[in-house]
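First comes the structure, then the notes that go with it.
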Amino acid sequence: MPSKLLKELNASQREAVEYLDGPLLVLAGAGSGKTRVLTYKIGYLVETGVAAPYEILAVTFTNKAANEMKKRVEELIRIPLQGLWIGTFHSICARILRIEAQHLGYDRNFTIYDVDDQVRLIQQIMTGMNINQGVLKPRKVQYAISQSKNKMRGPKEFEERAGDFTTRKIADIFWEYEVALRRNNAFDFDDLLIKPLEIFSQQPDILEKYQTKFKYVLVDEYQDTNRAQYYFIKYLSAQHRKVCVVGDEDQSIYRWRGADIENILSFEKDYPECKVVRLEQNYRSTKVILKAANAVVAHNQRRLGKNLWSKKEHGAKISVHPTTDEGMEAATLVEIIRTETRQFNRNYNEIAVLYRTNAQSRALEDRLRRANIPYVIVGGIKFYERKEVKDVLAYLRILVNTRDSVALRRIINYPARGIGAATLQKLEEYAFLKKIPLYQAVVEVAENESIPLATKAKIQAFVDALEELRHKKENFSAYEIAREVVDTFGLAAQYSHSELIEDQNRLENINELLNSIAEFSEKNSDENATLEKYLEDVALLTDIDRWDPNFSAVTLMTLHSAKGLEFPVVIITGIEDGLFPLYRSLENQDDLEEERRLFYVGMTRAKENLYLLWARQRRRFSGESSGMSFRNTPSRFLKEIPQSYKEEVRTEDELVYSYDNSEGLLDSATVSAYAGEMMENEDYHIGDWVIHPTYGKGQILAVQNSHTGTKLTVAFSNKQIKKLIAEYANLKSVSSSD
DNA sequence: CAGACAAGGCTTTTT
DNA sequence: GCCTTGTCTG
């Protein structure tokens, strides 16, 4: 039956969907409909009966993409996709580990450790080993271990390569860390990818089970797979060899995380019989944006090469905005957003603001807040990484996995209940001597001679409360348990009595967490709505998964987070040499090419209008040069955009500060932002108050010296903004605002 | 043992 | 500049 699905595809897309006989490499340029191909391919496989949903494994880059894709396919073919395995590498691996964990000596209710948990565990280990954490930072150790695991090197391989003293010390910690993870019945993020491979190599029968099961394996964003992910796909598809990978070498941006662009570049070597389909028609961007992006990425050496084209309109030129400093950059940003929303009637959610580093968001946020422009930030401090959220989760974790000592330590005296460092030390000694998990030592506190009676009573009360909940867990929903945890241990109460905005936020976050658990309980059928499953979901969720594109707000995020998304208007900030590309990538050709790909990714997110902002001066707060201002030159990538596709806009010369503030007062940051460039004039200063014969009292927003005289931009109390020539305006200056 | 205050470090990107 | 961590005092 020739599926009607195929009619909705162009020739290349159709070719990619229809080819089912063997390995397939789809080289899909930005905006060329690769998600569409994957979606339709799954639909086609199921509709034609070539494969049942449970015989398909589909790997996506985010959980959100997985959910959307599944929903979309079900809408298309109107067949429920029960049993389909779709999700990120991490979630699929976690699923396998739940089933097979016993082969590694783990329980199926293992915990997944995020970076924060890993660092806490490493701190514990280092304390135990008497290593000075001031000299060797736990965070550094965590990074080194993670990087090593990303390359599939365990403690043994790490030790073999360890040259200097510090690295050998890290190797020692690495060994202990692995032991501790096992003891805690926990995997870290990197384990999720590595451990299934361990099981596969130790027990070929288990590998074979999955190889037989998955007739078709589909992988999105293949250019960003690392070594472990590469082997994972290779092993699982070895039997049927029906593996379809989709990717774009020009969008490979995760080298630092161990992603190996070679995986896609050499796919044809791995599978000599493979078919290659190129998707080169871009449906997203205007011709100008696309050609400019192509011109930039053409500077890279290591690529398969492709020729992206678009049938869309020519479109507006890319506007490049040089600004004085980060304050002016933010002011310019506000101005652009105002123009787009007021003049061109855009909704806020049609606009994305992208930057290289999370730290850049603060200056932008401040200004957006003052200008009353609604915005959401994706990334940065993630919701599930917030202290108050992690506190609640730690309680839930210890209920599920009593061996999770990282969780236990976090909550044993939080909120404070009189179990201090000294007591914890005694409990730990007890656990160590009896070779039992810390939680067990807490349960057995009655038998512990070294702890004073009064303290014992406190610990006993804590244990009793936990144990009661642990038993309730079997018969109550995840939400009910979480609600009770929060009430029993007073996790919200401590914030609800406070008037600090910060505490109010924390309270809100706890409520939001409870809501999310309630939503989870409702959405999933009973057997899947367990606390265990919830904790796993949460551990693997990213901020982008929680992001609602329909919410009417400007979206702020890093360029990395923007991958896979599109917006009518994209504003990229901080396009300066040293920031983008970053200094540390300037020396190395491979690193520089990755930065360029990142810029390419950013540019190609834009459908209609693209703005590029950079600041001549920017304050930095990292490294030795902390707090210093730097003179910047525009990013070398800017020069790689052909002149005919861009135009420079000197916004600040004509920038009029929009005047929403009804009191007519300018905040100090605004004043200083304007003051940066234009303080030269002796008679008039930004922020000064003046009286005009007809307009009345006003405040100076901008001063410019031009050949016609001193141009002033003044905001008057009737909310009018006027540009005046000082020499003719007959202004009187007033000393203060009254 | 808990809360207040000071010092130090940090920021490249994320599952 | 802000946040986390450590130290001091009650």
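These numbers come from a predicted model, not from an experiment. Chain letters run A, B, ... following the sequence lines, proteins first, then strands; residues in each count from 1.
Residue-level contact check: A:Asn413 touches the backbone only, with heavy atoms under 4.0 Å from sugar-phosphate atoms and none from bases. Contacts of A:Phe89 with the nucleic acid, taken as non-hydrogen atoms under 4.0 Å apart, are absent.
Within residues 580-600 of chain A, the residues having any heavy atom under 4.0 Å from DNA chain B are, by residue number, A:Leu582, A:Arg584.
Straight-line distance between the P atoms of B:dT13 and C:dT4: roughly 16 Å, to the nearest whole Å.
Other residues, nucleotides and ligands contribute only 12 or fewer heavy atoms inside 6.0 Å of the CZ atom of A:Arg108. Around atom OH of A:Tyr231, no more than 12 heavy atoms belonging to other residues, nucleotides or ligands sit under 6.0 Å away.
Taking for each of A:Arg139 and A:Ala422 the nucleotide of DNA chain B with the nearest heavy atom, the 5'-most of the two is the partner of A:Ala422.
Distances shown here put every side-chain N or O of A:Thr542 at or beyond 4.0 Å from the OP1 or OP2 atom of B:dT14. Between A:Ser561 and B:dT13, a side-chain N or O to OP1/OP2 separation shorter than 4.0 Å is absent. At B:dT13, one or more side-chain N or O atoms of A:Asn358 fall inside 4.0 Å of OP1 or OP2 (strictly under the cut-off). Regarding contacts with the backbone of B:dT14, a side-chain N or O of A:Thr558 is found under 4.0 angstrom from either OP1 or OP2.
Protein atom CZ of A:Phe61 is 8 Å distant from nucleotide atom C1' of B:dT14, rounded to whole Å. The interatomic distance linking A:Gln124 (CD) with C:dT5 (C1') rounds to 17 Å, in whole Å.
The cationic group of A:Arg257 lies under 6.0 Å from the six-membered ring centre of A:Tyr254 and within 45° of the ring axis, placing it in a cation-pi geometry.
For A:Arg356 and B:dT13, a side-chain-to-base donor-acceptor distance below 3.5 Å is present, hydrogens and geometry of angles not being considered.
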